[in-house]
Amino acid sequence: MHEPAASSAHHLEPSPSFVRLLEQATEAGLWSLEPASGTLAWSSRMAAMLEAPGDYVPAGEQAFEFVAPEWRDEVEFLVRRCAQQGEPFDREVQVLTYAHRRAWVRLLGHAVRDAAGELLRVEGAAVELTPRGVPGGSLLRNTAGWGLGGEGGDAFATIDREGRFTFVNERTERLLAQPSSGLLGRGLWSVFQKTARLRVEERVRAALEQQRPLELEELDARQSDWIELRGQPFGAGLALHLRNVTSRRKSQEQLRLLEGSIARLNDIVIITEAGPFNEPGPRIVFVNDAFESRTGWGRDEVIGRSPRFLQGPQTQRDRLDLVRSALEQWRPVRVDLINYRKDGEPFWVDLDISPVWDKARKLTHWVAVGRDVTERKANEEKIQYLAFYDALTRLPNRQLLLDRLNKLIARRDQPGEGALMFIDLDNFKVLNDSLGHQKGDVLLQQVADRLRASVSADDTVARLGGDEFVVLLQPRRGEAGEAELAASAVAERILAALGEPYVLPGYLHHSTCSIGVTVFGSGPSTVSELLKQADLAMYQAKRAGRNTVCFFDPEMQAVASASAALAADLRQAWRAKQFRLEYQPQVDLHGRMTGAEALLRWMHPERGCVPPDQFIPTAEETTLILTIGRWVLDRACEQLAQWATRPDRAHLSISVNVSARQFRHPEFVDGVMEAIAQSGVTPNKLKLELTETLLADGFDITVAKMGSLKRMGVALSLDDFGMGYSSLAYLKRLPLDQLKIDREFVKDVLTDAHDAAIARTIIGLAQSLHLGVVAEGVENEAQRDFLAQHGCDGFQGYLYCKPVSLEQLESFIDENAAATAQHAAL
């Protein structure tokens, strides 16, 4: 850290022990990243939060792999922006721990600069929002499907760990007579009357600190209504159910004066004598109509008896002890209790027991007011169920699967070998896109039923999400290799079962699956390793043609490790500035240069020149393509800006290849606009070459983005046309300027009649749509003449120039201009 300015105060330099104390007090993990070197450091608390080994610290870029995929791009963007512009960030995101557990964390970061203002590092903290032992996920998310947040449900809200409203539904707005804009960000206690706010605040903070339920009733801020509030803890605070109980409160007050005034209350009401507390207990002197309708007991059957006849086998002894203690001390008590109807059916009752005094302060009666909360308790059980089970298929979810797998691996008395099977439905996305998600859901439910029927009762079938399922076969005693044979038999049963036709609403569907299997129990292994192995085997089954099963073998791991090594080299290459651009000229019918295509090259110190088709897929998988792609875009625009200052080069354009991952990024269009604005170039001099893979899915979004770019003036070209998802129905909707004929068609255009026909068709199609055409891979004049004869107006290939450095390209431009001028003179 730089030296602070002179001051009368002493600057505190935190010692390691002070940092550990801070971590212990805040439960925060600390981290620091030096952008220049890519060096990452983190505290032991950060490692523990991510369930990583104590001595494990990943490389800087690898740390982003701990962020859940759906948040990874955003976090990388926030860290990069902080490093470049010094903008701090504060986000709630999900992370994947070293053990593949999902957890919600609050992630904070800011830039640290020296006295000269130069960036030293980005540092920050992470705090887990869901404490260990609390079911994973957000209570708000888990309850959203039950109408708790909608028009038809209860008044529902959430507060954060500071007691501030973070969500309110419409029922809550009406109940509190305030819009959400006036509630969000305010303390919960502010909606109650002033005399109660301090009391409410103390109880709310205690519930948040101790992660326990909250129950209270208080007058609202208008002092017109009594509000009942019940809160359940979840990762980010408390989930609240609110209810206007003014009428019940008033009725309870009237009960102390007149029995007749409570006869028609909806809540159960029982009035007993004051004593005795011992057997047979206080005798009932009054019950209301609601008691009779809810319990099935008639008034004549219960008068004179103790309320204890309502108890049964499931009635909680600790709750009864709490009631007895309160009665002995002549104080009110409130409990949730299981009682029994006359027919023996249990039901939950929220029981509020209050003493009744006469004018001489002598205890005369007890009034018990109970509300049937069976439905509420059932909902609470459903919430707990959804934390560990998939709502659609009712199979165990990832959380429960990992819990069971962890317990199996940790057992020291392992009876034998078991197996873990990854199952992925083949082409499920096609069904969802063509027939709709409703039929897709029905299919998933039928798949779940067939999987359960294919395994033993003590095996686990789980759904990870989407169309991915996992089968965990319990270890069983046997000879070496028997587990693999057993898993193979189960896999074949599953292939056969899932291959049978599915009867969907109005449709008979045929489907298959791909299965990856790994056997465990013969040696030490971790949950993470087993999941990776089964996943690798499943993808191997996909590559083998689908509808098959593959067992994990070390060679798969070697391929995966090689891919990981390439990814690490890519990150290092970016830091070491090993990437460069080469340019290949594009010419018109007369050989006059019209522009150039920018081509990315990676010069590795040991691997040499790595071909783009080897590293671009890995760059897309690691999201590094976003950073590299923006760099290429910026360099191209800078070069166009330089050419624009020279009359002999101002007409030239530059084509930039855009990957599907780049194009689909939410900020891609903004990034293009920013690059053009920063360089000041004319937009139509920049040509973006898009691949046909963009047409495979999300077509409407693709068209909308292309339209935005087109309106900016950017030229759009469809690269390698005819090699992928070509469709006339798609093509006519695309706002294109140009088609590029792939080199595979150009190579044999003179010797292969099919390639010649394809090339002529593409040229004719482009002409009919008023699009330009550029043929790639033109190597001789005969190819050029054939293509020109049929209307091709642009060429690119070794006939004119191979890809060259910028300096060599400048020389080519001068030579081409001279040659073109000489030819024109002749």
Report the C-alpha distance between R733 and D700 in whole Å, list the side-chain angles of each, state the deciding distance to 0.1 Å, and finish with yes or no for salt bridge (charged side-chain N to carboxylate O under 4.0 Å, His left out). CA-CA 10 Å; R733 293 179 55 192; D700 290 336; 3.1 Å; yes
What's the verdict on side-chain contact (heavy atoms from CB on, under 4.5 Å) for H651 and R592, showing C-alpha distance, side-chain angles and the deciding distance? CA-CA 11 Å; H651 66 287; R592 178 173 178 264; 3.5 Å; yes
Dump the intermediate steps for salt bridge (charged side-chain N to carboxylate O under 4.0 Å, His left out) on R607 and D569, then the final yes or no. CA-CA 10 Å; R607 299 174 186 260; D569 279 359; 2.9 Å; yes
What verdict does the salt bridge (charged side-chain N to carboxylate O under 4.0 Å, His left out) test give for D73 and R661, after you've listed the backbone C-alpha separation in whole Å, the side-chain angles of each residue and the deciding distance to 0.1 Å? CA-CA 11 Å; D73 289 346; R661 182 67 179 269; 3.4 Å; yes
Quick one: do E128 and R101 satisfy salt bridge (charged side-chain N to carboxylate O under 4.0 Å, His left out)? Show the steps, please. CA-CA 12 Å; E128 185 170 359; R101 179 178 66 87; 3.2 Å; yes
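Residue R649 comes nearest to D814 through the heavy atom pair NH2-OD1, 2.9 Å, listed as atom of the first residue, atom of the second, then distance. In this structure, A775 and V746 approach most closely via the heavy-atom pair CB-CG2, 4.1 Å. Scanning all heavy atoms of the two residues, the minimum distance from S655 to E689 falls at CB-OE2, 3.3 Å. Listed here is the closest heavy atom pair of L444 and D467: CD2-CA, 4.0 Å. Taking all atoms of both residues into account, the shortest heavy-atom contact from G629 to Q662 is CA-NE2, 3.2 Å.
Applying the salt bridge (charged side-chain N to carboxylate O under 4.0 Å, His left out) criterion to K542, with sequence neighbours excluded, gives D424, D426. Applying the ring pair (Phe, Tyr, Trp, His ring centres under 6.0 Å) rule to H110 yields no partners; only residues at least two apart in sequence or on another chain are considered. By the salt bridge (charged side-chain N to carboxylate O under 4.0 Å, His left out) test, D390 pairs with R463, sequence neighbours left out. For N684, the side chain to side chain contact (heavy atoms under 4.5 Å, CB included) criterion is met by T682, not counting sequence neighbours. Remark: R164 pairs with D160, E162 by the side chain to side chain contact (heavy atoms under 4.5 Å, CB included) rule, at least two apart or across chains.
A donor and an acceptor atom, one from each side chain of Q796 and Q586, are located under 3.5 Å apart. E123 and S32 share no donor-acceptor pair across their side chains, judged by distance under 3.5 Å alone.
To the nearest 0.5 angstrom, C792 atom SG is 13.5 Å from R760 atom CZ. Here the CD-CZ distance, from Q84 to F77, works out to 9.0 Å after rounding to the nearest 0.5 Å.
Counting heavy atoms of neighbouring residues, nucleotides and ligands inside a 6.0 Å radius, atom OH of Y800 exceeds 12 of them. Within 6.0 Å of CD1 on I701 lie no more than 12 heavy atoms contributed by other residues, nucleotides or ligands. The number of heavy atoms from other shown groups lying within 6.0 Å of CZ (R106) does not exceed 12.
Taking 4.5 Å as the limit, some side-chain heavy atom of P612 sits within range of a side-chain heavy atom of R601.
Classification of the F615-W602 ring pair by plane angle, with boundaries at 30° and 60°, yields perpendicular.
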Mind listing the side-chain donor-acceptor pairs of residues 667-676 below 3.5 Å, one per line with the distance, residues two or more places apart or on another chain?
{"from": "E674", "atom 1": "OE2", "to": "Q678", "atom 2": "NE2", "distance (Å)": "3.1"}

